[in-house]
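Notes follow once the structure below has been shown.
So that the names make sense, note that chain A is the first sequence line, chain B the second, and so on, each numbered from 1.
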Protein chains: 2
Amino acid sequence: MPYLEEIKTRLKAKDYKITPQRKVIIKTFADNMEKHLSAEDVYQIVKDTNPEIGLATVYRTLDILAELQILKKIDFGDGRYRYEFCNEDDHHHHHLICLKCERVFEFEDDLLESLEAIINKKSGFKIVDHQLKFYGYCSECQKSKE
Amino acid sequence: MPYLEEIKTRLKAKDYKITPQRKVIIKTFADNMEKHLSAEDVYQIVKDTNPEIGLATVYRTLDILAELQILKKIDFGDGRYRYEFCNEDDHHHHHLICLKCERVFEFEDDLLESLEAIINKKSGFKIVDHQLKFYGYCSECQKSKE
DNA sequence: TTGTTTGCAAAGCATTTGCAGAGCA
DNA sequence: TGCTCTGCAAATGCTTTGCAAACAA
């Protein structure tokens with residue numbers, strides 16, 4: 001996760017202004033590092049301290065932060081996009097989505113790098129990003145099967 | 001891809017009726033095996049021969065076929081769901097999505113099985129499905145970079 | 001015949017956009 | 001000050017739903 005100062009620098013570099021709304025949205029992600037917040041989630045959290053903020057502003061800010069690669073826009077297939085801080089290094093993690101409790105777990109892994117190399121060699125496709133989701137049952141839900 | 005007779009049997013087994021609309025939608029997928037059709041795509045194709053069909057019927061039929069695991073509902077992140085025949089065997093393929101021409105290529109691969117075993121061992125999460133998307137540039141678009 | 005299925009139109013949701021006023025630099 | 005940003009409301013695009021008529025079995 002980038003430092004707050006670093007984020008501000010990156011915004012300024014693209015001539016984006018540092019507004020209170022943008023600050024508080026960034027802070028929301030810093031305060032919820034382990035979560036995968038949707039625009040609506042962010043809106044609900046931010047409204048507590050800034051009741052006048054508009055949902056459209058949240059969407060616009062998330063767009064900018066994703067464009068600057070500060071946030072990553074992810075899609076768990078539940079009909080809304082979610083956002084998390086980009087990993088600075090190449091260290092990828094995958095998402096394990098429980099089909100029962102719907103919680104999302106993370107799993108650190110680098111194995112996909114070798115697969116990307118294989119694909120590039122065999123098909124000539126140049127990969128710049130990937131998204132891997134696993135669906136199944138978390139250990140708790142396996143115990144409490146009905 | 002399941003035989004048409006087999007599909008009808010599976011529909012009947014769940015007390016779904018074999019209607020002309022359902023038949024023609026299934027046929028559309030049989031005629032477009034290599035494509036990833038959206039509901040709107042199917043609707044446009046089917047309207048040629050059955051102009052009276054409704055888009056809602058297409059959606060309802062796709063839901064049923066996905067529920068019966070005849071079709072697989074996939075999400076390329078372009079704001080609409082797409083459908084393709086389920087693979088009968090475990091033979092998985094991944095999707096390579098070109099960020100320039102937006103075409104979707106397929107890549108056959110089984111390597112994820114070993115990754116699933118590792119995850120299960122390390123985290124206790126029991127995986128029943130996965131979805132892997134690679135984003136990048138196809139060989140053609142790499143040549144014609146502007 | 002009878003419960004499903006269909007087509008239509010309206011509703012639902014997440015997200016985007018237009019616009020006039022507010023505010024950062 | 002000048003141009004970006006914001007909040008609001010309306011619009012958008014995909015998908016779902018309610019309902020009465022049509023239809024498969």
Side-chain angles (χ1 to χ4, degrees), chain A residues 5 7-28 36-68 70-83 102, chain B residues 7-26 28 36-68 70-83 102:
Chain A
E5 279 312 315
I7 293 175
K8 287 184 192 171
T9 307
R10 281 205 243 168
L11 281 166
K12 282 180 195 158
K14 286 260 190 174
D15 283 331
Y16 288 121
K17 308 253 150 88
I18 316 291
T19 66
Q21 292 90 335
R22 288 177 182 167
K23 272 198 231 169
V24 77
I25 289 171
I26 293 166
K27 185 176 180 311
T28 301
H36 310 96
L37 302 174
S38 66
E40 184 68 34
D41 292 339
V42 173
Y43 179 56
Q44 292 303 331
I45 293 170
V46 159
K47 255 203 319 195
D48 278 352
T49 53
N50 301 54
E52 75 297 341
I53 204 168
L55 183 53
T57 300
V58 175
Y59 275 105
R60 283 184 282 230
T61 302
L62 296 179
D63 269 358
I64 292 171
L65 295 175
E67 176 206 331
L68 296 180
I70 291 163
L71 293 181
K72 183 162 180 146
K73 188 175 184 176
I74 45 186
D75 176 8
F76 293 150
D78 62 346
R80 78 207 62 198
Y81 285 103
R82 294 169 178 286
Y83 298 80
E102 300 201 305
Chain B
I7 293 175
K8 287 185 192 171
T9 306
R10 282 204 244 168
L11 281 167
K12 283 179 194 158
K14 286 261 191 173
D15 283 331
Y16 288 121
K17 308 249 150 94
I18 315 290
T19 66
Q21 291 90 336
R22 288 177 182 168
K23 271 197 232 172
V24 77
I25 288 171
I26 293 167
T28 301
H36 310 96
L37 303 174
S38 67
E40 185 68 34
D41 292 339
V42 173
Y43 179 57
Q44 292 302 331
I45 293 170
V46 159
K47 256 203 319 194
D48 279 351
T49 53
N50 301 54
E52 76 298 342
I53 204 168
L55 182 53
T57 300
V58 173
Y59 275 105
R60 283 186 283 231
T61 302
L62 295 179
D63 269 357
I64 291 171
L65 295 173
E67 175 206 333
L68 297 180
I70 291 161
L71 293 182
K72 182 162 182 145
K73 188 174 184 176
I74 44 185
D75 177 5
F76 293 150
D78 61 347
R80 78 206 64 195
Y81 284 105
R82 295 172 177 283
Y83 298 82
E102 300 202 304

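- When DNA chain D is scanned in the 5' to 3' direction for atoms under 4.0 Å from non-hydrogen atoms of chain B, the outermost contacting nucleotides are D:dC14 to D:dA25.
- The CG atom of A:Leu65 lies 10.0 Å from the CZ atom of A:Arg10; values are rounded to the nearest 0.5 Å.
- A search for ring-ring contact (aromatic ring centres under 6.0 Å, His included) contacts involving A:Tyr16 returns nothing, not counting sequence neighbours.
- At distances below 3.5 Å, at least one donor-acceptor pair connects side-chain atoms of A:Thr9 with backbone N or O atoms of A:Glu5.
- No side-chain donor-acceptor contact under 3.5 Å links A:Thr57 to the backbone of A:Ile53.
- B:Asp63 contributes no side-chain N or O that, together with a main-chain N or O of B:Arg60, makes up a donor-acceptor pair within less than 3.5 Å.
- Without hydrogens or angle criteria, B:Arg82 side chain to B:Phe76 main chain gives no donor-acceptor distance under 3.5 Å.
- Phosphate contact (OP1/OP2 of C:dT4, side-chain N/O of B:Arg22, threshold under 4.0 Å): absent.
- No donor-acceptor distance shorter than 3.5 angstrom exists from the side chain of A:Asn50 to the backbone of A:Glu52, with no hydrogens or angles considered.
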* Determine, for nucleotides 15-25 of chain C in 5'-to-3' order, which nucleotides have protein heavy atoms under 4.0 Å from the base (write B), from only the sugar-phosphate (write S), or from neither (write -). => BBBB-----SS
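- If you measure from atom CD1 of B:Ile26 to atom P of C:dT5, you get 13 Å, rounded to the nearest angstrom.
- Comparing the start and finish of the helix from C:dT1-D:dA25 to C:dA25-D:dT1, five pairs each, the helix axis swings through 40°, to the nearest 10 degrees.
- One can place CD1 of B:Ile25 at 11 Å from C1' of C:dT6, the figure rounded to the nearest angstrom.
- Not counting sequence neighbours, A:Tyr81 has no partner by the ring-ring contact (aromatic ring centres under 6.0 Å, His included) test.
- With sequence neighbours excluded, no residue forms a side chain to side chain donor-acceptor pair (under 3.5 Å) with A:Lys47.
- At a threshold of 4.0 Å, the pair A:Asp41-A:Arg80 does not count as salt-bridged, since none of the basic side-chain nitrogens sits closer than that to a carboxylate oxygen.
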